[in-house]
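Input: a single structure, listed below in C-alpha cells.
What you see is a predicted model; the values in this text were computed from it and never measured.
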Amino acid sequence: MKWTQTLIPTLREAPADAEILSHKLLLRAGLIRKVAGGVYTFLPLGLRALRKVEQIIREEMDRAGAIEVLMPALQPKELWEQSGRAETARDVLFKVKDSSNREWFLSPTAEEVITTTAANEINSYRQLPKNFYQISVKFRDEIRPRFGLMRAKEFIMKDAYSFDTADDGAMASYKKMYDAYKRIFDRCGVQNFPVEADTGVIGGNYSHEFMVPADTGENDVVFCEACGYAANVEKATSGIPKTATREIGAAVEKFATPGVVTIEALTKAPYSVPANRQIKTLIYIADSKPVIILIRGDDQLNEAKLAGVIGTPIFRAATAEEIFAALGAHPGSLGAVGVKNISIFTDERLRGANDMTTGANEDGFHFKNVSIERDIVVSKWADLRTVTAGEPCAKCGKALKIRRAIEVGHVFKLGTKYSEKLNATFLDADGSRKPCVMGCYGIGVTRTLQAIIEQCNDKDGIVWPLSTAPYQVCITPLSVAPDNACMKLAEKIYAELAARGIEVILDDRDERPGVKFKDADLVGFPIRISIGEKSLAKGEVEIKPRSGAVVLTKSEEAVEKVAALVGNGLQKV
RNA sequence: CGGAGCGUGGCUCAGCCUGGUAGAGCGCUUGGUUUGGGACCAAGAUGUCGCAGGUUCAAAUCCUGUCGCUCCGACCA
C-alpha cells in the first residue's frame with residue numbers, strides 16, 4: 001500500500017473528548033473517528049488492525065473445533081420473551097420497530113437465536129457436541145458509553161455457543177474454549193490472565209473472565225501472588241476471620257443516639273463502638289418487595305454477590321421513603337432485631353456474632369448486646385461482602401492484592417437454562433429426550449484492539465505487536481522524486497517484501513523526514529526501513545524496529561533481514 | 001437517571017465576568033526558500049460562535065429552553 005493512496009489522518013493533538021491514552025492514540029493515529037457517542041467509524045488502518053485480531057480469533061476457534069456461522073443483528077422480540085431476557089436484560093437492549101410496528105431487538109448476544117437453531121437442527125446425540133461461533137456487530141444501549149471502543153453502543157464481538165449431551169462433555173467444551181482464549185490473547189501480544197468471574201444476568205454457574213491488566217480498566221481483580229488465585233472482585237472471597245464471639249450474655253438494650261446516622265459517628269465518643277462490632281443494615285427492593293441485607297459495619301456490600309442470592313435479577317437500593325414505610329425509621333437507625341415478614345440476608349462474616357450494635361428502627365436509637373442468632377431471624381446466610389486488598393487468601397493465607405484490568409473475554413458454563421426454555425433437546429442413546437448442556441464464550445474484539453493499544457505504547461505513539469499491526473513494515477524514503485535513487489530502491493524493496501507476503505506500506509508522501517518519522521512512530525509500525533541519501537551513498541539502508549535501535553544494513557540484504565525479523569516474530573535482527 | 005463542566009474554522013483553545021461588526025497556534029491552498037526527527041517567508045481560503053426563543057439601539061458575551069459532548073456516581077452479558 002502507498003501512503004498517499006490510503007487515508008491515515010494523523011493528528012498532532014488529540015480531540016478533547018478522548019480521555020484515556022489508548023482512545024487518544026486510536027484517534028491520533030487515524031485508526032477510528034467518532035460518529036456519535038459510543039459509535040465509531042473504522043478508518044483503513046484501524047480496520048486492518050481489527051481484521052488481524054479477528055483472524056487470530058478465527059484461527060484459534062477453528063483449531064478448537066468451533067464452526068463459524070453468522071446470525072442476524074435484528075432479532076424478534078418474541079424470542080427474547082421466550083428466554084425471559086426481554087425483561088432481565090431490558091436495560092441494555094436496543095429496541096426498534098419496523099413500519100408495521102413489529103418489535104425487534106438489536107442483538108447484544110445470540111443465545112436465543114443459536115439455541116433455536118440447535119432446537120431445529122439437532123435431534124440426536126450423534127450430532128453432538130457442536131460449538132458455533134460468529135464474529136459480528138453487537139449492540140448495547142449503554143447508559144454511559146466511554147473510553148472510545150472500550151464501552152460502546154455498537155461494537156464487534158466474537159460469541160460462541162457449545163452444545164453437549166452431558167455435563168462432562170460441556171466441561172470439556174469449556175476447557176477447550178478456555179485454552180483457546182489463552183492462545184488468542186497471547187497471540188494478540190497482550191499480557192492477560194484468567195480470573196474466576198461472576199455470571200451476571202446471563203446465568204450459568206461457572207465462569208472465567210480474561211483480563212488485560214491496565215489502570216484504566218473497569219474491573220477490579222483480586223489476586224494472590226503466592227498461589228495464583230485470581231477472581232473478579234464481584235466474585236472474590238478471602239480467608240478473613242469471622243466476627244469474634246464474646247462471652248457476654250446480656251439482653252438487647254436500647255440506648256439513645258441522637259443525630260447518629262453513620263457507622264463512623266457511632267465509633268466516636270461517647271458511644272465508641274468499633275465498626276467491626278456494628279451491624280450495617282441495608283434495604284433493597286427486589287421484585288417490588290423490601291429485603292434486608294446485614295453486613296458487618298466495616299464491610300461493603302457486594303451487589304454482584306447479592307444478585308446471586310436475592311432470587312431475582314431486578315433489584316435496587318430502596319429509597320428513604322420506601323425504607324421508612326418498611327421499617328418505620330430512616331437510614332442510619334435501621335436494624336433487623338425483631339423484624340418479621342421481611343427477608344433478611346446476612347453475610348457469613350456475622351455468623352456467631354454477638355455483643356453487636358445496630359439500629360433500633362427508631363430514629364435516634366440503637367440496640368446493643370445484639371446476638372445475631374438469638375435476636376435476628378436470618379432468612380439466608382450468604383457471602384455478601386466485598387473483598388479488600390490485604391485480606392488473607394482463602395487458599396494459602398498470603399495477603400491478597402487488587403488491580404484494575406480490562407475484561408476482554410468471558411467464558412460461561414451455561415447448563416440447560418436456555419436449552420430448556422427454547423426446547424433445544426436431543427434424543428440420547430438410551431432413547432430419552434434431554435436438553436443440550438450449553439456453554440457460551442465471548443470476546444470483545446474491538447475492546448481487545450483498544451486493550452492492545454492501552455498496553456503497547458510509548459511516548460511517541462502505538463507500539464504494535466507484529467501480530468496485530470495494520471502493516472508489519474513501513475518503508476520511508478526520504479526523497480520521493482520518481483527518479484531519485486532512494487525512491488527507486490524503496491519501490492524495489494516494497495515490491496520484494498510484498499511478493500513475500502509481508503504487509504508493507506510505502507510512505508510516498510512528499511513530506512519532510514521529521515513528519516514521516518513522527519507519523520510512523522505514532523501509528524506504530526513494528527519495523528521501519530528508512531532510505532536516505534547519506535546511508536545509501538554507502539550502499540546501506542536503515543532497519544528500525546519500533547521499540548529497538550537502528551540497524552544499518554547493506555541495501556541488498558534489507559529484504560532478507562526484514563523477512564527474517566517478521567518471520568521470527570521480531571526476536572532479533 | 002443524580003452531581004459537575006463544556007459546545008467559537010478540520011484540531012487545540014482565547015474572547016464571555018464588564019454587550020459594541022470574531023481571534024491565535026496547528027492543519028489546509030498557492031508561490032518561493034528549504035530537506036535525516038512535526039521547517040521558514042509571503043499571500044490566501046475556511047465561522048449561521050450547537051440550536052430555538054427572550055432582553056437590548058446592539059448578543060459569542062446576559063436570561064430561558066433545548067440538543068449534543070465530557071467527567072464523577074448509579075448501571076454493566
A16(A) near the nucleic acid: base, sugar-phosphate alone, or nothing, with a heavy-atom cut-off under 4.0 Å?
-> sugar-phosphate
What string of B, S and - do you get for nucleotides 32-41 of chain B, 5' to 3', if B is base contact, S is sugar-phosphate-only contact and - is no contact with any protein heavy atom under 4.0 Å?
-> --BSBBBB--
Residues passing the salt bridge (Lys or Arg N to Asp or Glu O under 4.0 Å) test with E81(A), sequence neighbours excluded, are K77(A)
Contact under 4.0 Å: R146(A) side-chain N or O vs rC76(B) OP1/OP2 | no
5' precedence on RNA chain B between F147(A) and E142(A) (nearest-nucleotide basis) | F147(A)
Got a donor-acceptor pair under 3.5 Å from the side chain of R151(A) to the base of rC76(B)?
-> yes
Considering the options V53(A), D179(A), I443(A), which one meets the side-chain contact (heavy atoms from CB on, under 4.5 Å) requirement together with I184(A)?
-> I443(A)
Provide the full list of salt bridge (Lys or Arg N to Asp or Glu O under 4.0 Å) pairs with a residue in residues 146-155 of chain A, sequence neighbours left out, each pair given once.
-> D141(A)-K153(A), E142(A)-R151(A), R146(A)-E218(A), R151(A)-E218(A)
Using heavy atoms to find the nearest nucleotide of RNA chain B for A14(A) and P108(A) separately, return the residue whose nucleotide is more 5′.
-> A14(A)
Tell me, please, which residues at least two apart from E60(A) pass salt bridge (Lys or Arg N to Asp or Glu O under 4.0 Å).
-> R63(A), R183(A), R187(A)
All salt bridge (Lys or Arg N to Asp or Glu O under 4.0 Å) counterparts of R528(A), not counting sequence neighbours = D521(A)
Which is true for K138(A) with a 4.0 Å heavy-atom rule: it touches a base, it touches only sugar-phosphate, or it touches nothing?
-> nothing
Give every residue pair that meets the salt bridge (Lys or Arg N to Asp or Glu O under 4.0 Å) criterion with at least one member in residues 301-325 of chain A, sequence neighbours excluded.
-> K305(A)-D383(A), R316(A)-E322(A)
Determine the interatomic distance between P on rA60(B) and the same-named atom on rG54(B); round to the nearest Å.
-> 15 Å
Assign D17(A) to base, sugar-phosphate, or nothing according to its heavy-atom contacts below 4.0 angstrom with the strands shown.
-> sugar-phosphate
Span that lies between the C1' atom of rU12(B) and that of rG20(B), in whole angstrom = 29 Å
